[in-house]
Amino acid sequence: MDLKNYDVCSDKMFVKATTINKLAKHSVKTYANATKQFCIANDDMFENIVKEMKDNEFGEIIDGTKIKPYDVEESITKQKLLIFKQYLLDKKSSSNTINNRMSHIRTLLGNCNVILPKPFKKEKDDKKLTLLRRKDISYIIEISNVHHKAILSFAGCTGLRVNDLVKLTIADFMYATRNYHNASSVEEFIETAPSGMVGYWELIPHKTKSHNLECCVCNTPESSDFILESLRHRMESIKKMNKKYGKDEKLELDDALFSSTQKYYKGFMNEHTFGVVLYGKNKKLQVKLKKELEEQLKRKEISLIEYQKKLEELPKIHPHALRHYFISVLNAYCSNKTIALKMEAHRSNVPTHKHYIGTSDELYGEDMIREHYEKLIPYLTFNYNVDYSEYSKMKQLVREFGDILSIDNPLEYM
């Protein structure tokens with residue numbers, strides 16, 4: 001059967017399976033992609049595969065008198081799942097991709113009331129994750145336009161996932177930085193907000209909504225400055241476009257914090273768009289890193305074997321790589337691991353924690369998050385060379401004499 005042009009999203013069984021969980025649009029696309037590959041691997045449409053699985057969920061009569069119970073571990077269902085897994089292995093899919101695809105198909109089959117075998121052992125990558133270095137992120141930001149600088153630096157210093165990043169509004173940023181200004185409109189905010197603001201964010205990420213797991217994190221002065229610069233450019237661009245097209249648009253509170261020309265600098269960026277942006281920048285990063293390695297080889301700083309090994313382990317920039325970097329910084333430099341978990345929106349792997357660690361503004365509120373986050377600022381700042389000890393001294397000076405000296409941002413005086 002030729003399934004190249006098979007429209008999974010119009011398959012009745014697929015529609016039923018995805019409607020049960022009320023999946024978001026972007027999630028439906030992800031499940032559709034996995035389902036199409038599952039169907040290609042098994043050479044049949046999803047509706048037919050599910051019907052065949054359910055038609056075989058009966059015991060077997062032996063010698064006309066005995067009934068052998070249905071054994072899902074010896075079933076067509078398990079066989080088709082094994083075929084799919086082998087198909088993914090033959091395609092040389094990553095372990096992460098295989099595990100995700102298998103999980104997606106099991107979820108859909110479960111929604112169709114198919115009896116499922118035990119989950120297969122998860123695939124593991126032999127390769128270790130190669131983390132981006134701060135200077136790699138710095139290079140990417142350096143070659144970016146003002147709007148990409150804003151979202152890149154913000155993603156790197158907050159660790160927020162892309163589907164949460166692209167939903168943030170200008171009002172969200174104004175609220176996160178409310179300690180620094182009294183602006184009520186976007187225009188007033190852009191004109192009066194000081195540089196060097198450390199925003200504080202509380203949100204429930206899309207991925208942890210079912211667990212009601214909150215993320216509490218700050219963003220660096222550098223990222224706030226990039227966002228303000230981006231907003232100023234957007235405001236000016238909208239004025240020019242208004243003049244050109246005879247419109248009367250302006251930036252509003254509920255407009256996207258990170259937007260693009262295609263959305264008149266007001267609409268929300270697509271998740272896929274951010275991935276495409278980073279794909280182009282990754283190409284440039286790879287060229288730069290390879291050139292650096294070649295120079296090291298020429299200077300005989302590394303051997304040919306080291307060169308080939310390092311070449312295979314070059315760090316790549318992609319949306320989740322920025323979250324990896326952020327969490328790695330937390331792991332290395334945040335002494336309070338419970339605070340670190342709140343910043344990254346992860347649950348503790350210590351089972352008893354949920355019974356003993358409660359909610360407390362004094363212990364885990366904004367002041368404590370800020371206190372621990374400030375120690376991370378030097379490692380989450382990508383273009384400014386911040387000496388944290390000097391930054392701390394200036395911050396104390398601002399606390400004591402800020403009103404007299406009219407100092408808003410310690411970074412400006414370093």
Review point. Taking N100 for the side chain and T97 for the main chain, is one N or O donor matched with an acceptor at less than 3.5 Å?
Key: no

Practice item. Starting at NZ of K149, measure out to CG of D225 and round the result to the nearest 0.5 Å. Key: 13.0 Å

Check your understanding: Side chain of T169, backbone of D254: donor and acceptor closer than 3.5 Å?
Key -> no

Practice item. For atom CG of D7, decide whether the heavy atoms of other residues, nucleotides or ligands shown that lie under 6.0 angstrom number more than 12. Key: yes

Check your understanding: Any donor-acceptor pair under 3.5 Å linking the side chain of E222 with the backbone of N383?
Key -> yes

Check your understanding: Quick check: does any side chain N or O of Q286 sit under 3.5 Å from a backbone N or O of P315, one acting as donor and the other as acceptor?
Key -> yes

Review point. Are T261 and Y265 linked by a side-chain donor-acceptor pair shorter than 3.5 Å?
Key: yes

Check your understanding: How far apart are the C-alpha atoms of E52 and K80, what are their side-chain angles, what is the distance that settles it, and do they pass the salt bridge (Lys or Arg N to Asp or Glu O under 4.0 Å) test?
Key -> CA-CA 11 Å; E52 185 181 0; K80 289 188 179 296; 3.5 Å; yes

Practice item. Kindly say whether K250 contributes a backbone atom to a donor-acceptor pair with the side chain of K266 at under 3.5 angstrom? Key: yes

Check your understanding: For K54, does the NZ atom sit with more than 12 other heavy atoms under 6.0 Å from it, leaving out its own atoms?
Key -> yes

Point to revise | Sidechain N-carboxylate O distance under 4.0 Å for K288, E292 | key: yes

Exercise for review: Carefully, step by step, assess F382 and R134 under the rule side-chain contact (heavy atoms from CB on, under 4.5 Å).
Suggested key: CA-CA 6 Å; F382 305 111; R134 190 164 74 111; 3.6 Å; yes

**Study point:** Over 12 foreign heavy atoms within 6.0 Å of OH, Y175
**Key:** no

Practice item. Before accepting this row, confirm whether a basic side-chain N of the pair E306/K309 lies closer than 4.0 Å to the acidic partner's carboxylate O. Key: no

Revision key, fill the gap. Partner of F154 under ring pair (Phe, Tyr, Trp, His ring centres under 6.0 Å), picked from F226, F326, W201, is W201

Exercise for review: May I ask you to check whether F173 and F189 place their ring centres under 6.0 Å from each other?
Suggested key: yes

Exercise for review: Please work out whether the ring planes of H320 and H324 are parallel, tilted or perpendicular, with thresholds of 30° and 60°.
Suggested key: perpendicular

Check your understanding: Looking at NZ of K284 and CD1 of I317, how far apart are the two atoms once the value is rounded to the nearest 0.5 Å?
Key -> 13.5 Å

Check your understanding: With no hydrogens and no angle check, is any side-chain donor or acceptor of D136 less than 3.5 Å from a backbone partner on R133?
Key -> yes

Exercise for review: Measure the spacing between CZ of R234 and CD1 of I227 and express it to the nearest 0.5 Å.
Suggested key: 10.0 Å

Point to revise | Carboxylate-amine/guanidinium proximity below 4.0 Å for E73 and K78 | key: yes

Review point. Can you check whether E47's main-chain N or O pairs, donor with acceptor, with D11's side chain at less than 3.5 Å?
Key: yes

Point to revise | Polar side-chain atom of E366 near backbone of Y200 as donor-acceptor pair, under 3.5 Å | key: no

Exercise for review: Would you please indicate yes or no on a ring centroid separation below 6.0 angstrom for H104 and F38?
Suggested key: no

Review point. Is there a donor-acceptor contact under 3.5 Å from the side chain of K337 to the main chain of N331?
Key: yes

Exercise for review: Taking atom CD1 of I305 as the centre, report whether more than 12 heavy atoms of other residues, nucleotides or ligands fall under 6.0 Å from it.
Suggested key: no

Practice item. Check for a donor-acceptor pair, side chain of T18 on one end and backbone N or O of V28 on the other, with a separation under 3.5 Å. Key: no

